[in-house]
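Note that ligands are numbered from 1 as they come in the structure, with each ligand's atoms numbered from 1 the same way.
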Amino acid sequence: MSIREQNLGEIRDAVAKLCAAFPMEYWRGTDRERRYPSEFVRALTEAGWLSCLIPEEYGGAGLPLAAAAAILEEIQRSGANGAACHAQMYTMGTVLRHCSEAQKRKYLPKIAKGELRLQAFGVTEPSAGTDTSSIRTTATKKDGRYVINGQKVWTSRAEHSDLMLLLARTAPREEMQKKTDGLSVFIVDMKAALGRGLTIRPIRTMINHATTEIFIDNLEVPAENLVGEEGKGFRYVLDGMNAERILIGAECIGDAKWFLAKATDYANERKVFGRPIGQNQGVQFPIARAYMATEAAALMVERAAALYDAGKPCGPESNMAKQLAAEASWQAGDMCLQTHGGFGFAEEYDVERKFRETRLYQIAPISTNLVLCYLAEHVLHLPRSY
Ligand SMILES: Cc1cc2nc3c(=O)[nH]c(=O)nc-3n(C[C@H](O)[C@H](O)[C@H](O)COP(=O)(O)OP(=O)(O)OC[C@H]3O[C@@H](n4cnc5c(N)ncnc54)[C@H](O)[C@@H]3O)c2cc1C
């Protein structure tokens, strides 16, 4: 049966089966060595899961976002770290809506076949942080190409990706009516660029995320690699963000479900004072609370995905889905660590790894404060705070 013909339950089962071939020892090893899980990414790619959002005419499965969310949730629920490859789905929000037909024909079939990876998204810069409009990387048009100069930070998977979507300034901020105008998105062929204007330096972090900083020095990119119209890049990136928020939310739900299952099993098995620790309400209640938070957040993820797939506005729902799910996974992670007592700190239980990994989603790709700012300003019509 093709991926397209499967219902969500079948998709979940198939992804769970694939993930089961990558046991916890595998993830412990990649985490310990800060090694990219190439084998896992290859298996997902070969099974077609990473190209599920690519339309059928370009060789993908053409599934709705709800299916992509289910795939990522299952990956995280298995205990894996899907951060190694999730960007191939996030980037589709921008690519499918704004790349030209020629760009889609050039790249999407190869991405679908696994011949090219589009896993890098270069937006954040050291001095700009959350304030994307103040990025300093510039792209200047010259003789049919753009010459790019600047620096990005936290460009994850840059060493493991063939292509990168890069945001750069093509017109000075001071000359724009709106500070978010004058930004443009480019498709960068990273393999061609390495050593010819592009330098990648890995950043070691508390999680295995293959994140890097990149330095761009007179990098030449063909003009045909500009996505959409020059100067409209901020909107293109924003357009992709609802999909990204929903998919992150789904990953957090997967994490939360992993923590809940792990804590419940341990609370039933571990005996102290001659009875299972799960018999104590002091242990049960935090598990029940985390379960409630997870179920509620999952409903918001589902609702946001349904609106997105129906082509309806879903900014508030996508942001709320991401935030509620990230809070639920963190609550579940904290509960799981507490339930395990001292053993929660031992590497072999995997709790400490997942605890570290799920914490990221309160900061990236957008920090919790900025989601709250969005809701305050755009939904509740309170004054803009920044
Ligand atoms: C492991 C990892 C992977 C990442 N991967 C990528 C990637 O692949 N591509 C990419 O482009 N970026 C990536 N990022 C960057 C990530 O999106 C940013 O870290 C995030 O957007 C926050 O920006 P910042 O770190 O500069 O924080 P800052 O903007 O410096 O903010 C610091 C703190 O101040 C708060 N703050 C700032 N302004 C306000 C305000 N107006 N009101 C209230 N609070 C405020 C923030 O909420 C935050 O808590 C990654 C980050 C990490 C850690």
Side-chain angles (χ1 to χ4, degrees), residues 31 34 36 81-95 117-137 148 150-169 179-180 183-188 190 198 200-216 233-234 236-238 240-241 243-245 247-248 251-252 255 319 322-323 326-327 330 353-378 380 382-386:
D31 178 64
R34 292 291 188 273
Y36 188 72
N81 180 11
C85 52
H86 54 196
Q88 191 134 309
M89 293 190 188
Y90 303 165
T91 45
M92 287 302 139
T94 303
V95 169
R117 280 185 192 161
L118 171 52
Q119 291 283 5
F121 203 5
V123 175
T124 311
E125 296 188 5
S127 59
T130 305
D131 180 10
T132 305
S133 69
S134 66
I135 61 166
R136 291 191 191 158
T137 297
I148 306 184
Q151 187 188 343
K152 295 281 170 187
V153 70
W154 306 119
T155 312
S156 304
R157 302 159 297 273
E159 296 165 292
H160 305 281
S161 190
D162 299 291
L163 302 171
M164 165 171 60
L165 286 185
L166 179 80
L167 188 72
R169 200 158 256 298
K179 59 187 183 170
T180 47
L183 296 170
S184 302
V185 175
F186 297 91
I187 303 171
V188 176
M190 301 191 73
L198 181 75
I200 304 176
R201 201 154 65 199
I203 306 177
R204 198 174 160 91
T205 62
M206 70 188 248
I207 51 173
N208 183 26
H209 202 86
T211 198
T212 71
E213 56 186 334
I214 61 176
F215 300 88
I216 309 169
F234 187 76
Y236 301 160
V237 170
L238 272 192
M241 280 180 180
E244 186 183 62
R245 307 263 193 275
L247 293 171
I248 293 271
E251 291 188 283
C252 291
D255 278 346
N319 276 282
K322 186 262 176 191
Q323 177 99 344
E327 286 176 357
W330 180 238
R353 172 178 64 81
K354 291 287 281 181
F355 180 85
R356 286 182 277 119
E357 286 168 359
T358 212
R359 184 64 177 79
L360 175 66
Y361 299 119
Q362 310 228 7
I363 293 184
I366 183 164
S367 68
T368 49
N369 278 0
L370 270 293
V371 171
L372 296 174
C373 288
Y374 171 86
L375 292 175
E377 184 187 340
H378 296 282
L380 301 169
L382 291 162
R384 186 179 168 89
S385 61
Y386 58 93

Would the distance check show the side chain of [X] and the main-chain N or O of [Y] forming a donor-acceptor pair, the cut-off being under 3.5 Å?
| X | Y | result |
| --- | --- | --- |
| Thr94 | Tyr236 | yes |
| Lys152 | Phe121 | no |
| Thr212 | Thr155 | yes |
| Gln119 | Cys85 | yes |
| Thr91 | Ala87 | yes |
| Asn81 | Asn208 | yes |
| Glu125 | Thr137 | yes |

Minimum-distance protein heavy atom relative to [atom]:
| atom | result |
| --- | --- |
| atom 20 (C) of ligand 1 | Ile363 O, 3.5 Å |
| atom 42 (N) of ligand 1 | Cys373 SG, 4.0 Å |
| atom 10 (C) of ligand 1 | Thr124 OG1, 3.3 Å |

Original post:
Under 4.0 angstrom from ligand 1, any heavy atom of Ser385?
Top reply: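 The answer is no: ligand 1 sits nowhere under 4.0 Å from a heavy atom of Ser385.
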Original post:
Is the closest heavy-atom distance from Thr205 to ligand 1 below 4.0 Å?
Top reply: no
Subject >> ligand 1 versus Phe121: contacting region, heavy-atom distance under 4.0 Å >> reply: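 Just the backbone.
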Is any heavy atom of the protein nearer than 4.0 Å to [atom]?
| atom | value |
| --- | --- |
| atom 33 (C) of ligand 1 | no |
| atom 52 (C) of ligand 1 | yes |
| atom 30 (O) of ligand 1 | no |

Counting heavy atoms only, which of [options] is nearest [atom]?
| atom | options | answer |
| --- | --- | --- |
| atom 14 (N) of ligand 1 | Tyr386, Tyr90, Trp154 | Trp154 |
| atom 8 (O) of ligand 1 | Ala364, Ala128, Ala376, Ser156 | Ser156 |
| atom 39 (C) of ligand 1 | Leu370, Leu166, Asp131, Thr368 | Leu370 |
| atom 47 (O) of ligand 1 | Ala210, Ser161, Ser367 | Ser367 |

Subject >> Check: Ile366 and Met241 side chains under 4.5 Å, non-hydrogen atoms >> reply: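 Result no, sub-4.5 Å side-chain heavy-atom pair not found.
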Original post:
Is the shortest heavy-atom distance from the side chain of Leu166 to the side chain of Ile148 under 4.5 Å?
Top reply: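 A side-chain contact under 4.5 Å exists here.
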For [X], is at least one N or O under 3.5 Å away from an N or O on ligand 1?
| X | result |
| --- | --- |
| Val123 | yes |
| His209 | no |
| Asn369 | yes |

Pull out every atom of ligand 1 sitting under 4.0 Å from any heavy atom of [X], numbered as shown with elements.
| X | answer |
| --- | --- |
| Gly129 | 26 (O), 29 (O) |
| Pro365 | 17 (O), 21 (O) |
| Thr130 | 22 (C), 23 (O), 26 (O), 27 (O), 28 (P), 29 (O), 31 (O) |
| Leu360 | 1 (C), 2 (C), 52 (C), 53 (C) |

Original post:
Do other residues, nucleotides or ligands put more than 12 heavy atoms under 6.0 Å from Arg34 CZ?
Top reply: yes
**OP:** Assign the ring pair Tyr36 / His160 to parallel, tilted or perpendicular, where the plane angle (0 to 90°) is split at 30° and 60°.
**Re:**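 It falls in the parallel class, under 30°.
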Original post:
Given Met190 and Ile200, is the side chain to side chain contact (heavy atoms under 4.5 Å, CB included) satisfied, shown in steps?
Top reply: CA-CA 10 Å; Met190 301 191 73; Ile200 304 176; 4.0 Å; yes
